[in-house]
Amino acid sequence: MNYFLTYTVYVLILSVLMGICTWKLFKKMGYSPLLAFVPFYNYFIILKETKHPKWWAILSYLPIVGPIMMSVFHIYLMKKFGKSLVQHQVLTVILPFIYMATVNYSKDVELEDENDLYLTDEEKASKKKDTFIGSITFAVVFATIIHVFFTQPFGIPTGSMERTLLVGDFLFVNKWSYGYRLPMRPLAIPFLQGTILDTGEKGNPKDDPKSYVEAVKLPYERIFQFSKPQKTDIVVFNYPRDSVHVSLDRADPYVKRCVAVAGDTFEMRDGKMFINGKPEIFLGDQEVQHRYIVNTGSQLDIPGLYKIFGFLPVQEGQNQQGGFVYYFQGLTKKMAGEIKKLPQVIDMQEHIQPKGESAISYRDEAKMKIDTTNSIFPINSGWNQDQYGPLKIPKKGDIVAINDKTLPEYQWIIKNYEHNTLENKNGKIFINGKEANQYTIQQDYYMMVGDNRDASLDARFFGFVPEENIVGKPMFTWMSVEGAFKDSQSSYQADGMRVRWDRMFKATNTGEANKTSYWWIAALILVLFFGWEYIVKLFGKKKTEDEL
């Protein structure tokens with residue numbers, strides 16, 4: 001069942017429930033009881049009768065926003081019939097159709113007289129309070145509409161995209177860059193991604209409460225798709241192998257660079273990337289970075305180096321000679337050269353994993369349980385992050401061979417991304433119950449890799465990124481705070497927190513080395529937005545004084 005048909009079914013079910021629970025109330029308001037069953041128009045009538053903007057009715061069934069608005073409209077209707085106490089409002093929100101049905105079928109329910117002349121002081125105060133709460137509610141609704149349907153804020157917690165995007169950068173993502181992906185879990189708490197908060201076992205999100213209702217779901221659909229991710233685009237997407245959230249739009253958001261598109265061949269040779277056999281082209285905002293091992297006779301002043309170089313993840317240890325060993329990630333050649341000149345340094349070498357060294361991680365000391373999250377994809381490749389491929393990126397319509405050797409490469413596509421049943425019985429592979437030796441790819445896939453290659457958990461580990469997981473393209477950095485996130489991969493952290501003013505309101509996808517910051521324009525807009533009413537009053541007052 002496609003998205004819009006499923007959506008229509010949900011709307012009809014809610015409309016029937018609304019009609020069954022409120023038809024007598026509509027009759028008492030002077031309308032045909034049948035109008036209580038008509039989608040959108042039933043809420044239009046409620047808004048009209050309660051003297052609220054009637055256009056709000058169009059928000060009734062929007063994903064995520066709709067449930068909030070419905071609750072507000074139901075409260076308006078209950079107040080119309082004298083159910084204005086706090087307990088009435090709580091019941092209306094928590095048990096909407098049950099409570100409204102109770103009121104609807106009660107014998108003594110009558111319309112309330114809303115003439116302000118007969119209101120007590122207590123009732124007038126309550127009405128002002130309701131107006132204030134209503135203003136807050138609609139501020140939340142407006143922000144939710146922007147968040148769900150247009151742009152979403154996103155923070156950079158790790159150094160995988162250094163030094164293009166820095167740890168502590170906060171971005172706005174354009175959800176329409178590659179067509180708008182319609183929400184798949186329409187009943188959800190606004191602004192939350194997957195879970196509400198960490199309430200269970202630390203580091204185990206599987207037992208944390210979800211921010212959405214899993215049972216109410218809509219299928220994947222993308223509209224107005226006029227372009228697709230291109231090579232070198234910085235892209236935000238949902239982590240494809242999320243084992244916590246079945247709904248792909250609720251999986252953790254990642255940001256990487258799209259280095260290869262459907263049909264391309266991806267390869268790493270000695271830590272250097274090749275696409276279709278050609279070396280990658282570095283844009284102006286990218287810097288080549290590598291992992292280095294440094295042996296020293298005495299301890300380095302890492303906090304001092306942080307102040308010079310900024311982001312500097314490093315693991316510190318001691319060697320058998322009584323000196324120190326440092327494992328640096330993300331050093332440019334210039335930075336490596338500066339560190340090599342330090343008097344404490346005995347030797348320094350770039351760390352590149354040799355060919356044939358398979359990068360497989362395990363979850364137990366006996367090495368019986370493979371940690372697929374931190375192992376190289378596909379698991380039987382024998383590759384590592386510096387010696388990888390060649391690997392062809394699947395394209396919609398490709399017919400691929402399916403056997404024991406290729407299954408680790410395609411099993412996630414067949415089973416998880418394209419939703420087929422997959423079984424391997426006695427050396428024979430069955431797809432949807434039928435024996436198969438080939439499979440036709442149903443959507444395009446992409447290779448997403450971090451600019452800071454040696455400190456990036458990317459497609460080399462989790463594999464192909466399906467087109468349906470694409471969220472959008474970052475537009476600009478609206479805030480940047482050094483020290484906003486702790487680096488779990490480093491023995492040292494940035495000293496304190498500071499705002500990087502020079503990065504604020506810079507575009508992220510231009511590829512230019514020196515991007516202009518427009519933070520002053522943003523500040524001016526904010527001043528005008530919040531100060532406009534004061535400015536109007538000020539000039540209005542001056543004009544009145546001049547007339548006098």
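When a residue number appears, it is its place in the shown sequence, counting from 1.
Applying the 6.0 Å contact sphere to CD1 of Ile146 captures more than 12 heavy atoms from other residues, nucleotides or ligands. Surrounding CZ of Phe142 are at most 12 heavy atoms belonging to other residues, nucleotides or ligands under 6.0 Å away. Taking a 6.0 Å sphere around CG of Asn514, one finds it holds 12 or fewer heavy atoms contributed by other residues, nucleotides or ligands. Heavy atoms from other residues, nucleotides or ligands lying under 6.0 Å from NZ of Lys515 number more than 12.
Defined by atom type and a distance below 3.5 Å, a donor-acceptor pair is present between the side-chain atoms of Gln387 and Asp270. Looking only at atom types and distance, the side chain of Glu467 has a donor-acceptor partner in the side chain of Gln225 under 3.5 Å away. One side chain, Tyr439 or Glu418, offers a donor N or O that lies under 3.5 Å from an acceptor on the other. There is a side-chain donor-acceptor pair under 3.5 Å between Asn420 and Asn432. Side-chain N/O atoms of Gln442 and Lys396 include no donor and acceptor closer than 3.5 Å. Using modelled atom types, one finds a donor on one side chain and an acceptor on the other under 3.5 Å when comparing Tyr326 with Glu316.
The heavy-atom pair separating Val499 from Met504 by the smallest distance is CG1-SD, 3.8 Å. Across every non-hydrogen atom of Met335 and Leu312, the tightest pair is CE-CD1, 3.7 Å. Across all their heavy atoms, Lys506 and Asp502 have their closest contact at CE-O, 2.6 Å. Taking all atoms of both residues into account, the shortest heavy-atom contact from Gln289 to Gly330 is OE1-O, 3.5 Å. Residues Ile431 and Ala436 approach most closely at CD1-CB, 3.8 Å, considering heavy atoms. Closest heavy-atom contact between Ala260 and Ile393: CB-CG1, 4.0 Å.
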task: Applying side-chain contact (heavy atoms from CB on, under 4.5 Å), run through Ile470 and Arg181 and close with a yes or a no.
output: CA-CA 8 Å; Ile470 303 296; Arg181 187 182 65 184; over 6 Å; no
Step-by-step ring pair (Phe, Tyr, Trp, His ring centres under 6.0 Å) determination, Phe461 to Phe377: CA-CA 5 Å; Phe461 295 87; Phe377 168 87; over 10 Å; no
task: Please test Phe172 against Phe476 for ring pair (Phe, Tyr, Trp, His ring centres under 6.0 Å), starting from the C-alpha separation and ending with a verdict.
output: CA-CA 6 Å; Phe172 270 127; Phe476 59 86; 5.6 Å; yes
side-chain contact (heavy atoms from CB on, under 4.5 Å) assessment of Asp252 paired with Val244: CA-CA 10 Å; Asp252 288 341; Val244 177; over 6 Å; no
task: Under the side chain to side chain donor-acceptor pair (under 3.5 Å) rule, what do Asn469 and Asn238 come out as? Steps first, then yes or no, please.
output: CA-CA 5 Å; Asn469 284 59; Asn238 295 109; 5.4 Å; no
- request: Could you check Leu59 against Ile145 for side-chain contact (heavy atoms from CB on, under 4.5 Å), going step by step and ending with a plain yes or no?
  value: CA-CA 10 Å; Leu59 305 176; Ile145 290 172; 4.0 Å; yes
From CA spacing to verdict: side-chain contact (heavy atoms from CB on, under 4.5 Å), Lys256, Ser160: CA-CA 8 Å; Lys256 308 288 181 188; Ser160 67; 2.9 Å; yes
task: Start with the C-alpha gap between Tyr239 and Tyr254, add the side-chain angles, then the distance that decides, and say whether ring pair (Phe, Tyr, Trp, His ring centres under 6.0 Å) holds.
output: CA-CA 6 Å; Tyr239 180 59; Tyr254 273 41; 4.9 Å; yes
field: CA sep, side-chain torsions, deciding dist, call: Phe170, Phe154, ring pair (Phe, Tyr, Trp, His ring centres under 6.0 Å)
entry: CA-CA 6 Å; Phe170 293 86; Phe154 177 77; 9.3 Å; no
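In this structure, the side chain of Asp386 engages the main chain of Gln353 through a donor-acceptor pair within 3.5 Å. The backbone N or O of Tyr492 sits less than 3.5 Å from a side-chain atom of Tyr306, completing a donor-acceptor pair. Between the side chain of Ser375 and the backbone N or O of Ser361 there is at least one donor-acceptor pair closer than 3.5 Å. Side-chain atoms of Asn384 do not come within 3.5 Å of backbone N or O of Ala359 as any donor-acceptor pair. Not a single donor-acceptor pair under 3.5 Å links the side chain of Ser456 to the backbone N or O of Arg453.
With respect to the salt-bridge test (charged N to carboxylate O, under 4.0 angstrom), the residues Arg163 and Asp285 do not qualify. Taking the charged nitrogens against the carboxylate oxygens, Asp233 and Arg257 have no contact shorter than 4.0 Å, which rules out a salt bridge. A salt bridge between Arg269 and Glu267 is present, with a side-chain N of the basic residue lying under 4.0 Å from a carboxylate O of the acidic one. Ion pairing between Asp371 and Arg363 fails under the 4.0 Å rule for side-chain N and carboxylate O.
Screening Leu165, Val255, Val173 against Thr508 for a side-chain contact (heavy atoms from CB on, under 4.5 Å) leaves a single residue, Leu165.
For Phe266 and Tyr388, the gap between ring centers is short of 6.0 Å. Between Tyr43 and Phe73, a ring centre-to-centre spacing shorter than 6.0 Å is recorded. Two rings, from Tyr292 and His351, have their centers 6.0 Å or more apart.
The side-chain tip of Arg291 does not point at the ring of Tyr327 from less than 6.0 angstrom away and within 45° of straight on.
The line from CZ of Phe309 to CD1 of Ile302 is 10.0 Å long, rounded to the nearest 0.5 Å.
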